[in-house]
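First up is the structure itself, then whatever we jot down about it.
Just so you know, these numbers come straight off a predicted model, no measurement behind them.
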Amino acid sequence: MTNEPPAEAKYEREAKIISEHDTLKYSLLGPSLTKSGQDNVDQSKVAEIIYNASKGSKYFNNEEARDKNLTQKIERILTKKAQLERLDLASDRRKADDYIAELELTRDLSQVVVHIDCDAFYAAVEELDRPELREVPFSVGVGVLTTCNYHARKFGCRSGMAGFVAKKLCPQLIQLPLNFDKYTAKAQEVREIIVEYDPRFESASIDEAYLNITEYCETNDIGPEEAVQQLRREVEEKTKITISAGIAANAKLSKICSNMNKPNGQFRLPSDRNSVIAFMRDLPTRKVNGIGRVFERELDAVGVKTCGDIYAYRQYLSKLFGEKAFVFLMQCYLGLGRTKIQPAEEYERKSVGTESTFGEMGDPGELRNKLRATAEELEKDMLRTQFKGRTLCLKVKLHTYEVLTRQVIPPKSIHLADDLYKYSVPMLSKLEQEFPGMRLRLMGLRCTHLVSMKKPDTMAFFGFRKRPDASTERESSPSDTSKRKIDDLSSDQEQWEEWPDELLFEDAERQEREDEFNELESLSQEVDKRRHHGKEIVPNPTPRKETEEEWWDCPICMRPQAASEKEFNEHIDLCLSRQTIRDAVQENSEQEPTPVAKKFRLGNEKGRDRIGKADPKQRRLCFG
DNA sequence: GCGGATCAC
DNA sequence: TATGGTGATCCGC
């Protein structure tokens, strides 16, 4: 054939289609691709099977659209990078180098941090009850796989995969329903052992924990590897559950290390700078907690495949991905992470929500019934957690898998189903107008800007008491006031600790919670200082009796607040939102903002464990 | 502050 | 035939 020349553009177009399908196939492999048990699996074959099983479905079409969007986003990133390459980035490089030097000073190699992770936890627990399952591939969770055993993984089955797709990969796959209570009980058995190695261990999820065994090793005169060996043996003997562990100088590294010799293995990264740097240099970015499928692709596109590659691109990263991502990536490059391991106690929940998937539905009456049922569900959760919400958020997933959210701020904080329904219906109606004939497959409600219903005494936080003690209160010396305040805070703390269900929090949250706590403490001291120095932030902390009504002056906004202590507490909560604090501190300060105000403006600039998500707490469903 | 997107488990 | 639920954070606008 000699009548060749179709325009080059056509080839390019075809190449583009092929590569787009490649990225889509990669995406369809799912988020847990990098999990263990997949090493000897031919992923291209698996990808082909998943692709063909999914092709043409609404889910597939949505994934395809998302993949195209991402491809476009990456094109924009590359364009931006090309622009930057033409500029002089010496100053950006210097800035990055200065920051690296600064970060290096924070490196702490003195601690021995261990991350432990139960192997295919839910599946392992099921195997204990039914030993015959050990020999066959099976999964836990029907419809969508929550986890599966290592036999199933050999076929390419993975958590998050649709059940019917998994069946295509492994027709003999057995699918078991979830027994969440059973897993929780087993997890407790494991915790009872690890607490002996670090009484202040940190639950990261139902089947994961961080330990600081520095002290254990010292007092028992045992090396970290031997100690972890012993811990793992003990857990297996007593609970029949095998665990994998990572040992390193900080939480981020130990988390990566626990994946190195999975299942039933451990890996230690020596705690010297050279080892850490060398380890990160060759580590694929995706191995780091917080870098998922999308960020991996974006980084790959600009040339960053391993954490070591980050350094060569340091002058671009901030402008391409933002300041937060820059800080995060620099910490990845240096192998820095948190060394403070502590129990999950200090944590403030930021939202409570519920959502559910159902058969497609478009009838307005049915949708309202569903919304009502969702509101009832949320009410239960709000009562269980003892919160009200100042913001209500409606989430829907269209039959096309497109997700939309809308939120409102009701006139008061709410938690009862009637209110939740009342304030969410208008959002639903508006969506129906926006998308005529819309059909849904999911609906959810979530409350944010929470107000606790069991907070002990917000007034005490500010060093106030109700009458008649208020008069003596005023006369107490500043030092007394501040001391008592600390006591109040600690009692406040205790109350916060008694959450109804076991908590499984993530590190970043905890760190932030702590920061928040410290900030609030500083603030209250600041308020106190002002009160005791000419400049009265609180003109009248005593309740004012005006006619029949009792009034309080809010120490933050200084406006008189009527009626009950309960309402006052709610008002204080409102005032405690950051914006309000900023304004208050500034409005009351003629000069420069105080250090407290500055701190709030800057926000928490400390290193995070991750960017983006941090997983808080696990309930009901989750993938192993 | 809102809505979309990403991430973890 | 058919692809989850809970919670958090970051970004662009």
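The separation between Lys395(A) atom NZ and dG4(B) atom P is 11 Å, rounded to whole Å. Per the geometry, CE belonging to Met427(A) stands 13 Å off C1' belonging to dG3(B), to the nearest Å. Counting to the nearest Å, the P atom of dC9(B) and the CG atom of Leu145(A) are 18 Å from each other. Distance CZ (Phe295(A)) to C1' (dT9(C)): 13 Å, rounded to an integer number of Å. Atom-to-atom, CG of Leu28(A) to P of dA2(C) comes out at 16 Å; the value is rounded to the nearest Å. For the pair Asn289(A) CG and dT9(C) C1', the interatomic distance rounds to 14 Å; values are reported in whole Å. Straight-line distance from the CD atom of Glu202(A) to the C1' atom of dA8(B): 15 Å, rounded to whole Å. Rounded to whole Å, atom P of dT6(B) lies 10 Å from atom CZ of Arg297(A).
Phosphate proximity of dT3(C) to Tyr401(A): present, with a side-chain N or O under 4.0 Å from OP1 or OP2. The shortest distance between the side-chain N/O atoms of Asn62(A) and the OP1/OP2 oxygens of dT3(C) is not below 4.0 Å. Regarding contacts with the backbone of dG4(B), every side-chain N or O of Arg66(A) stays at 4.0 angstrom or more from both OP1 and OP2. Regarding contacts with the backbone of dA8(C), a side-chain N or O of Ser351(A) is found under 4.0 angstrom from either OP1 or OP2. For the OP1/OP2 pair of dG5(C) and a distance below 4.0 Å, the side-chain nitrogens and oxygens of Lys397(A) include no atom meeting the criterion.
Of the possible polar contacts, none joining the Lys388(A) side chain to the Leu450(A) backbone as a donor-acceptor pair under 3.5 Å is found. In this structure, the side chain of Asp119(A) does not engage the main chain of Pro263(A) through any donor-acceptor pair within 3.5 Å. Judged by distance alone, the side chain of Asn179(A) and the main-chain N or O of Lys182(A) form no donor-acceptor pair under 3.5 Å.
A perpendicular orientation is assigned to the rings of Phe321(A) and Phe295(A), their planes being inclined by more than 60° (bins at 30° and 60°).
Defined by atom type and a distance below 3.5 Å, a donor-acceptor pair is present between the side-chain atoms of Ser258(A) and His115(A). Side chains of Tyr423(A) and Gln407(A): a donor-acceptor N/O pair is absent below 3.5 angstrom, by distance only.
With DNA chain B read from its 5' end, the first of the two nearest nucleotides for Asn69(A) and Arg286(A) is the one closest to Asn69(A). With DNA chain C read from its 5' end, the first of the two nearest nucleotides for Lys168(A) and Glu355(A) is the one closest to Lys168(A).
The side chain of Val165(A) has dT3(C) as its nearest neighbour among dG3(B), dG5(C), dT3(C). Set against dC2(B), dC9(B), dA8(C), the side chain of Lys350(A) has dA8(C) as its closest nucleotide. Of the candidates dC9(B), dG5(C), dT3(C), dG5(C) carries the atom nearest the Leu442(A) side chain, counting heavy atoms from C-beta on. The side chain of Thr405(A) lies closest to dG4(B), out of dA8(C), dG4(B), dG5(C). Closest approach to the Arg446(A) side chain among dT6(C), dT3(C), dG4(B) is made by dT6(C) (side chain taken as heavy atoms from C-beta onward). Residue Val144(A) has its side chain nearest to dT3(C) when only dT3(C), dG4(B), dG5(C) are considered.
Ser57(A) comes within contact range of at least one nucleobase, with a heavy-atom separation under 4.0 Å. At a threshold of 4.0 angstrom between heavy atoms, the contacts of Ser32(A) with the nucleic acid are absent. In this structure, Glu63(A) reaches neither bases nor backbone, as no heavy-atom distance under 4.0 Å exists between it and the strands shown. Nucleic acid contact for Arg406(A): sugar-phosphate only, since backbone atoms but no base atoms lie under 4.0 Å from a heavy atom of the residue.
Taking the centre and axis of the six-membered ring of Tyr51(A), the NZ or CZ atom of Lys25(A) falls inside the cone set by 45° and 6.0 Å.
In Lys55(A), the NZ atom is not crowded: 12 or fewer heavy atoms of neighbouring residues, nucleotides or ligands sit closer than 6.0 Å.
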Using the 3.5 Å cut-off, write out each protein N or O paired with an N or O of nucleotides 11-13 of chain C and the distance between them.
none

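Note on Lys397(A) versus Glu402(A): no salt bridge recorded, every NZ/NE/NH1/NH2 to OD/OE distance being 4.0 Å or above.
Checked by distance alone, Thr354(A) brings no side-chain donor or acceptor within 3.5 Å of a matching partner on the base of dT6(C).
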